[in-house]
Amino acid sequence: MSIYVEEKVLVKNIEYYRVKEGVRMLCDYAFSECNKLRNIYLPPSLNFIGQYTFRGCSSLDKIELPESLVYIGDGAFCCEDHFRKRSIPFRVTIPPSVETIEGNPFCNNTIIFSHNERFKVVDKVLYSSDGKVLISYCSAKEVFEVPDGVERIGVGAFRNTPIKKITFPKSLRIIDKDAFKKASGLENVVFPNSLKEIRENAFQWCDFKTGSVTFPSNIEKVSPKAFDFGWDIKMIRVPKGSFKHFKSILPKDVYNQIYEDEFVFENNMYFSSDMTELIAVILGNKNIVIPEGVVSIRDNSLEGIHTIDSVRLPSTLKHITNKAFDREIWELNKIIVPKGMKEYYMNILKRFKKVIVECD
């Protein structure tokens with residue numbers, strides 16, 4: 001006997017529901033979007049809670065899981081909706097009977113207690129008991145260092161979290177599917193050399209537009225659908241000789257951001273190791289001075305910067321196009337060029353010819 005998906009319609013607008021005695025399974029999405037549900041009784045016969053069973057139940061603050069429960073599905077207690085984040089934490093205790101937790105059942109603002117020897121909770125993060133799998137990140141911290149010993153970031157572990165900066169351990173081998181899905185604040189990711197595989201949609205809807213991504217030299221498998229980069233990502237750093245491989249698995253919009261060599265970071269700008277190419281400028285620069293010695297400015301290097309007061313070009317520059325600047329730039333007051341070069345740059349940077357001036 002089970003509660004079928006059709007029963008969701010009957011309970012959608014009530015505040016309390018009692019699951020009948022003898023029910024062994026709550027199906028996928030059974031109570032999805034029941035945002036008025038505050039209390040629910042689960043009988044001691046219950047063995048199985050499916051995927052996203054209580055998704056969007058934003059009024060549900062806690063749930064008592066019976067000692068008979070064996071399986072919890074991915075997203076089962078993702079008790080937030082698209083419009084309201086939880087102000088009060090969701091509280092749940094994993095009983096000793098649970099044998100399998102599929103993916104990440106919990107929303108970010110969850111306090112998990114475990115009476116189960118198969119799992120452990122450390123600082124609002126749920127792990128397998130041996131510490132090798134990070135199952136669910138329920139902390140509000142925006143900066144996190146994954147503990148040494150973790151070998152796999154589980155399915156959806158950081159999904160829809162506020163994480164901005166993460167440090168991976170040397171033990172990490174696998175980043176599973178959906179692991180960082182919708183973690184839209186994520187910046188400057190560096191993968192360890194131990195990493196072997198990044199699975200499907202691991203970083204979907206993470207555009208990294210204010211940061212960079214660095215891939216290790218010995219990674220064995222990256223799913224073609226692992227990333228969902230925006231065209232304004234600053235840098236995708238890859239090992240020497242691997243440009244062709246990463247070009248085959250990453251979207252066309254980011255080919256200009258794939259870079260094989262070492263780089264130098266100075267004054268909020270990325271340069272090639274010999275300082276002859278400007279690769280990217282990060283947010284925060286309104287008066288940009290490109291140093292002498294720079295020969296080329298890469299297309300899209302100023303993407304994501306919508307408001308610039310001025311850009312000063314060096315006398316050594318030989319290559320720049322309109323594509324260096326953000327296609328949706330709101331304001332650029334002045335492009336300062338070397339004396340005698342105004343007409344030359346007006347022909348190259350036709351979109352900006354009205355703001356090109358010669359230096360004094």
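- Side-chain contact between Val190 and Asn188: absent, with no pair of heavy atoms (C-beta onward) separated by less than 4.5 Å.
- Closest heavy-atom contact between Ile175 and Phe168: CD1-CZ, 4.2 Å.
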Inset, instruction - Quick one: do Phe54 and Phe90 satisfy ring pair (Phe, Tyr, Trp, His ring centres under 6.0 Å)? Show the steps, please. - result: CA-CA 12 Å; Phe54 294 96; Phe90 179 76; 8.1 Å; no
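- A distance of 6.0 Å separates CG of Leu26 from CZ of Phe31, quoted to the nearest 0.5 Å.
- With hydrogens and angles left out, the side-chain atoms of Ser272 and Asp274 include a donor and acceptor closer than 3.5 Å.
- For Pro314, the side-chain contact (heavy atoms from CB on, under 4.5 Å) partners at least two apart in sequence or on another chain are Ile290, Glu292, Val294, Thr316, Leu317.
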Inset, instruction - Apply side-chain hydrogen bond (donor to acceptor under 3.5 Å, both in side chains) to the pair Ser59 and Asn35, showing each step before the final yes or no. - result: CA-CA 6 Å; Ser59 298; Asn35 53 33; 6.0 Å; no
Inset, instruction - Using the ring pair (Phe, Tyr, Trp, His ring centres under 6.0 Å) rule, take Phe191 and Phe203 through it: C-alpha gap first, then chi angles, then the decisive distance, then the call. - result: CA-CA 13 Å; Phe191 298 117; Phe203 293 90; 5.7 Å; yes
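- Between Ile14 and Tyr17 the shortest heavy-atom distance is CD1-CD1, 3.6 Å.
- A salt bridge links Asp74 with Arg159: the distance from a Lys NZ or Arg NE/NH1/NH2 to an Asp or Glu carboxylate oxygen falls below 4.0 Å.
- Checked by atom type, the side-chain pair Glu21/Tyr41 shows a donor-acceptor distance below 3.5 Å.
- Across Ser45 and Val23, no two heavy atoms sit closer than the pair OG-O, 2.7 Å.
- The environment of Lys120 atom NZ is dense: over 12 non-hydrogen atoms of other residues, nucleotides or ligands sit within 6.0 angstrom.
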